[in-house]
Chemist: 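Take a look at this one; I'll ask things after.
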Amino acid sequence: MKIMVVGGGGREHAIIKKLKENKDVTEIYALPGNGGIAKDATCVDIGAKDIEKIVEFAVSNGIDYAVVAPDDPLVLGAVDALEKKGIPCFGPRANAAIIEGSKVFSKNLMKKYGIPTAAYEVFDDMDAALAYLESAPIPTVIKADGLALGKGVIIAMTRDEARDAVHSMMKDKVFGASGDHIVIEEFLSGPEVSVLSFTDGKTIMPMVSSMDHKRAGDNDTGLNTGGMGTVAPNPYYTPEIAERCMQEIFLPTVAAMNAEGRTFKGCLYFGLMLTENGPKVIEYNCRFGDPETQVVLPLLESDLLTIMQATTNGTLADCPVEFAEGNACCVIMASKGYPTHYEKGFAMTIPGEIANNVYVAGAAIKDGTLVTNGGRVLGATAVADTLENAIDSAYAMVKQIHFENAYYRNDIGQRALCAKEK
Ligand code: AMP
Ligand code: GLY
């Protein structure tokens, strides 16, 4: 089978490595992939948002199955366009990807179907938003409507910060048209859990839970990033909470999307907060998380391609989705300065013995050498019997990987360890 994976980050590298375990897979193409992915797939210089070229490539190369991993092409309708040409795909159609593409859509969906989430108001007029803020409880959370590369969320600790956020989104348009509509929502607190799930629109199979570390600095300080590391499973996510999430959040979300005529097939990501009043949805994503995938897929014991095809064919109920008992830890190595300004182009060395556990996110090949080419450069993942051992092994790998200006957090997994000790 010839497989095409759209995307080019650490998440896609993890997906590709797992797909390669299936013996029927003869060829994997990554569009565009990256210099590190090139060891495991044939990289093709077509951008993940270039739907027309993606479809053209798939048709002319006889692709048997396509995996569309990032949010942008999903929201832009890559799956719809590929399906029109008869190419089976993993991922939701555009009318379902809107669950991530529009915060206004997802908040209204949750309200309509009674799915627990932070209380909120939607505004398309700046004066109305500012008037509302005069008496809104502080802290408050302000979110731009559309995809904003994960940066469209501002937690305002004071009323002035809240006003500034509204101005920058609605007047200065720092997130472009995403700021035409904003959501102002209740500030929630509690441990956060990421739950990725497979769904074919009828059955939903949650994967092992995970915990992201979004801030750039140790002890959760500094700017928000795409994610600096992950562990799985998430110790806060007990079997009781999992059952409650299934009944109150996961099944109702699948049913709500069906009722709206927007059946969701693919990976539905639940960003949850475990509040004093029960689990609530912070965000939905229409795709695998990054770097959650880099700890979740290494624990998957069942065959990924078989599961993906079952979500496409609507046969997920009959498909085994089994995870190993152990723990996984992924430490992201980034370029110093990420998520703002950083330099690229430094030669990287990854010893061969550990290369199989390294998922490359931002690298290119220059004159035959692997060089850094992004903010997040790679993730090193270890799987072990205990969380302590997984953390130790992941950091032992990080110490063996070298490139100039490398930066990583030193405390990935510590929050989870503390939770376990309680
Ligand atoms: P999002 O891009 O929606 O995942 O938001 C980024 C981060 O902002 C989340 O991971 C949370 O840590 C935080 N956040 C989002 N919404 C809320 C909320 N209503 N209350 C508290 N924190 C939030
Ligand atoms: N790691 C968070 C995300 O993928 O959205």
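First listed ligand is number 1; within each ligand, the first listed atom is number 1.
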Chemist: I want to know whether Phe90 and Tyr65 have ring centres closer than 6.0 Å.
Modeler: no

Chemist: Under 4.0 Å between a side-chain nitrogen and a carboxylate oxygen: does that hold for Lys143 and Glu283?
Modeler: no

Chemist: Quick one: which ligand 2 atoms are inside 4.0 Å of a heavy atom on Tyr269?
Modeler: 2 (C), 3 (C)

Chemist: For ligand 2, which atoms sit closer than 4.0 Å to a heavy atom of Glu292?
Modeler: 1 (N), 2 (C), 4 (O)

Chemist: Which ligand 1 atoms does Lys214 reach within 4.0 Å, using its non-hydrogen atoms?
Modeler: 4 (O), 10 (O)

Chemist: Would you say the side chains of Thr253 and Tyr284 form a donor-acceptor pair under 3.5 Å?
Modeler: yes

Chemist: Using a heavy-atom cut-off of under 4.0 Å, does the side chain or the backbone of Arg287 touch ligand 2, or both, or neither?
Modeler: side chain

Chemist: Find all atoms of ligand 2 within a distance of less than 4.0 Å from any non-hydrogen atom belonging to Asp212, and give their numbers and elements.
Modeler: 1 (N), 2 (C)

Chemist: If we only count N/O pairs under 3.5 Å, is Glu192 in contact with ligand 1?
Modeler: yes

Chemist: Under 4.0 angstrom from ligand 2, any heavy atom of Gly226?
Modeler: yes

Chemist: Using a strict 4.0 Å threshold on nitrogen-to-oxygen distance, state whether Asp71 and Arg287 make a salt bridge.
Modeler: yes

Chemist: Quick check: do Lys265 and Thr312 have side-chain heavy atoms less than 4.5 Å from each other?
Modeler: no

Chemist: Before signing off on this row, confirm whether Leu188 and ligand 1 have an N or O atom pair separated by under 3.5 Å.
Modeler: yes

Chemist: Taking N or O atoms only and a 3.5 Å limit, does Glu283 qualify as a polar contact for ligand 2?
Modeler: no

Chemist: Which of the atoms of ligand 1 are close to Glu185, meaning less than 4.0 Å from one of its heavy atoms?
Modeler: 16 (N), 17 (C), 18 (C), 19 (N)

Chemist: Once side-chain hydrogen bond (donor to acceptor under 3.5 Å, both in side chains) is applied, what residue pairs with a partner in residues 203-212 remain, sequence neighbours excluded?
Modeler: none

Chemist: Counting neighbours of CD on Glu134 that are heavy atoms of other residues, nucleotides or ligands and sit closer than 6.0 Å, is the number greater than 12?
Modeler: yes

Chemist: Of all the atoms in ligand 1, which lie at a distance below 4.0 Å from a heavy atom belonging to Lys103?
Modeler: 3 (O)

Chemist: Any atoms of ligand 2 less than 4.0 Å from a non-hydrogen atom of Gly289? List them with their elements.
Modeler: 4 (O)

Chemist: Is it the case that over 12 heavy atoms from other parts of the model lie below 6.0 angstrom from the NZ atom of Lys336?
Modeler: no

Chemist: Using heavy atoms and a threshold below 4.0 Å, how should the contact between Asp212 and ligand 1 be classified: side chain, backbone, both, or neither?
Modeler: neither

Chemist: May I ask you to identify, for Glu186, whether its side chain, its backbone, both or neither come under 4.0 Å of ligand 1 on a heavy-atom basis?
Modeler: backbone

Chemist: Classify the contact between Thr230 and ligand 2 as side chain, backbone, both or neither, using a heavy-atom distance cut-off of under 4.0 Å.
Modeler: neither

Chemist: Counting from 1, what ligand 1 atoms have a heavy atom of Phe187 closer than 4.0 Å?
Modeler: 20 (N), 21 (C)

Chemist: In terms of heavy-atom contacts, does CG of Asp45 have more than 12 from other residues, nucleotides or ligands at under 6.0 Å?
Modeler: no

Chemist: Show me which atoms of ligand 1 lie under 4.0 Å from any heavy atom of Ile155.
Modeler: 8 (O), 13 (C), 14 (N), 22 (N), 23 (C)

Chemist: Are Tyr29 and Phe57 an aromatic pair, judged by ring center distance below 6.0 Å?
Modeler: yes

Chemist: Are Glu12 and Tyr359 close enough that a side-chain donor and a side-chain acceptor fall under 3.5 Å?
Modeler: no

